[in-house]
Participant: 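Take this structure first; my questions come after.
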Amino acid sequence: MIGPYEIHGHAIVSGDERIADSQARMPRVLRFPADQTQFNAAMDRARVVVLGRVGHLNHPDERRTRLVVSSAPAGLERRAEAWWWNPAGVGVLEALTAAAPGGGLVVVAGGKRVFDQFLDLGYDEFHLARAPHVTLPGGVACFSECDRGKTADEVLRGRGMIAGPAEVLDPANEVTLTIFRAPR
Ligand SMILES: NC(=O)c1ccc[n+]([C@@H]2O[C@H](COP(=O)([O-])OP(=O)(O)OC[C@H]3O[C@@H](n4cnc5c(N)ncnc54)[C@H](OP(=O)(O)O)[C@@H]3O)[C@@H](O)[C@H]2O)c1
């Protein structure tokens, strides 16, 4: 928890621990309807979705409340389509309170630096989908530690998180979803 906020990360990774291709785009091969359905449902439950500037601009969504991480604003800025936040200028609790007063569920939707940032702040849950037969050479890793040879699972376990059972989302492609939880 960060104050009254419950923090859930959500990612789908390729077999080589990537969240995007070498152009920092989410490729078609990493899109699976069952995964998109669960991710959209989580975002619908969230008070606010936190994501990096690139993902925000690549995937506009004015229906949900977003907190966009970027070095562009000095601190916090209310723009027409979203809240923009520079963590160098404003703390996380202040930013969440501005975007979603009163607390509730926060979905952290990446990319790599944002996933890293909340790894240090602490996830309550991390919903990790995996498409084991997809590879994205030169793509964007889920966490920086994946660039140094760790799997996303190892990174989360290394922070003391405990994996639940793997749920099969897409049997034909062997896509699974594992929820990692912080110890209580
Ligand atoms: N497979 C998945 O689950 C998944 C998840 C997330 C994203 N994606 C895909 O991955 C791609 C983008 O990922 P990405 O990692 O390359 O980019 P990203 O996180 O979407 O955006 C990177 C930008 O976020 C800003 N940023 C992040 N952390 C910051 C910090 N601590 N302080 C200041 N600014 C910060 C910077 O913006 P400024 O340059 O403005 O400073 C940085 O250039 C997208 O195509 C998206 O669709 C996939």
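The analysis underlying the following values was restricted to heavy atoms, covering all of them including side chains, and did not include hydrogens, waters or symmetry mates. Order of appearance sets the numbers: ligands from 1, and atoms from 1 within every ligand.
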Participant: Is it true that Arg113 and Asp116 have a side-chain N and a carboxylate O under 4.0 angstrom from each other?
Facilitator: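 No.
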Participant: If you measure from atom 26 (N) of ligand 1 to every heavy atom of Val69, Leu57, Asn86, which option wins on shortest distance?
Facilitator: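 Answer by nearest heavy atom: Val69.
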Participant: Nearest non-hydrogen atom to atom 47 (O) of ligand 1 belongs to which of Arg53, His59, His56?
Facilitator: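 Result: the heavy atom closest to atom 47 (O) of ligand 1 is in His59.
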Participant: Just wondering, more than 12 heavy atoms not from Arg28 lying within 6.0 Å of its CZ?
Facilitator: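 Counting neighbours around CZ of Arg28, 12 or fewer heavy atoms of other residues, nucleotides or ligands fall under 6.0 Å, so no.
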Participant: Within a distance under 4.0 Å of any heavy atom of Val140, pick out the atoms of ligand 1 and give their elements.
Facilitator: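 Answer, ordered by atom number: 15 (O), 16 (O).
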Participant: Specify the protein heavy atom at minimum distance from atom 30 (C) of ligand 1: its residue, its atom name, and the distance to 0.1 Å.
Facilitator: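 Looking only at protein heavy atoms, the one closest to atom 30 (C) of ligand 1 is Arg113 NH2, 3.1 Å.
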Participant: Any atoms of ligand 1 less than 4.0 Å from a non-hydrogen atom of Arg25? List them with their elements.
Facilitator: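 Under 4.0 Å from Arg25, ligand 1 has these atoms: 45 (O).
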Participant: Would you indicate which of Pro27, Ala20, Ala109, Ser70 comes nearest to atom 9 (C) of ligand 1 when only heavy atoms are counted?
Facilitator: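 Looking at heavy atoms only, Ala20 sits closest to atom 9 (C) of ligand 1.
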Participant: Starting from atom 21 (O) of ligand 1, which protein heavy atom do you reach first, and at what distance in Å?
Facilitator: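 The closest one turns out to be Val54 N, 3.2 Å.
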Participant: Considering Ala24, Gly111, Gly139, Gly9 one by one, which has a heavy atom nearer to atom 11 (C) of ligand 1 than any of the others?
Facilitator: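 The residue whose heavy atom sits nearest atom 11 (C) of ligand 1 is Ala24.
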Participant: So, Phe126 versus Phe143, ring centres under 6.0 angstrom or not?
Facilitator: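 Centroid separation for Phe126 and Phe143: below 6.0 Å.
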Participant: Closest non-hydrogen protein atom to atom 15 (O) of ligand 1, residue and atom name please, with distance?
Facilitator: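 The answer is Lys112 N, 2.9 Å.
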Participant: Going by the order shown, which atoms of ligand 1 are within less than 4.0 Å of some heavy atom of Met26?
Facilitator: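 Contacts of ligand 1 toward Met26, numbered from 1: 1 (N), 45 (O), 47 (O), 48 (C).
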Participant: Among Thr176, Asp153, Thr178, which residue satisfies the side chain to side chain donor-acceptor pair (under 3.5 Å) criterion with Arg130?
Facilitator: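 With Arg130 as partner, Thr176, Asp153, Thr178 yield a single side chain to side chain donor-acceptor pair (under 3.5 Å), made by Asp153.
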Participant: Are Val106 and Leu96 side-chain neighbours, meaning at least one heavy-atom pair lies under 4.5 Å?
Facilitator: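 Counting from C-beta outward, Val106 and Leu96 do come under 4.5 Å.
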Participant: Do any N or O atoms from the side chain of Trp85 and from the backbone of Gly75 form a donor-acceptor pair under 3.5 angstrom?
Facilitator: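 Flag not set: sc Trp85 to bb Gly75 has no pair under 3.5 Å.
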Participant: Quick one about Asp120 and Gln117 (side-chain donor to acceptor, distance below 3.5 Å, no hydrogens or angles considered), yes or no?
Facilitator: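 Looking only at side-chain atoms, Asp120 and Gln117 do not form any donor-acceptor pair under 3.5 Å.
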Participant: Any N or O on Ile19 sitting closer than 3.5 Å to an N or O of ligand 1?
Facilitator: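 Yes: some nitrogen or oxygen of Ile19 is under 3.5 Å from one in ligand 1.
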Participant: Take Tyr123 and Phe115 through the ring pair (Phe, Tyr, Trp, His ring centres under 6.0 Å) test and state the conclusion after the steps.
Facilitator: CA-CA 10 Å; Tyr123 291 105; Phe115 283 142; 7.0 Å; no
Participant: Closer than 4.0 Å to some heavy atom of Asn58 - which atoms of ligand 1 meet that?
Facilitator: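 Selected atoms, number and element: 44 (C), 45 (O).
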Participant: Among all protein non-hydrogen atoms, which one is nearest to atom 20 (O) of ligand 1, and what is the separation to 0.1 Å?
Facilitator: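 Result for atom 20 (O) of ligand 1: Gly55 N, 2.7 Å.
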Participant: Nearest heavy atom to atom 34 (N) of ligand 1: which of Ser71, Gly110, Ala131, Ala88 does it belong to?
Facilitator: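 Going through Ser71, Gly110, Ala131, Ala88 one by one, Ser71 has the nearest heavy atom to atom 34 (N) of ligand 1.
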Participant: Under 4.0 Å from a heavy atom of Ala11: which atoms of ligand 1 are those, numbered in the order shown and with their elements?
Facilitator: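 So the atoms of ligand 1 that pass are 3 (O).
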Participant: Is Arg79 paired with Glu77 through a side-chain N to carboxylate O contact shorter than 4.0 Å?
Facilitator: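 Result for this pair is yes, salt bridge flagged.
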Participant: So, is Ile12 polar-close to ligand 1, with some N/O to N/O distance under 3.5 Å?
Facilitator: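 Among all N and O atoms of Ile12, at least one is under 3.5 Å from an N or O of ligand 1.
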Participant: Hey, does the side chain of Asp124 reach the backbone of Ile7 with a donor-acceptor pair shorter than 3.5 angstrom?
Facilitator: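 Yes, the answer is positive, given that a donor and an acceptor are paired below the 3.5 Å cut-off.
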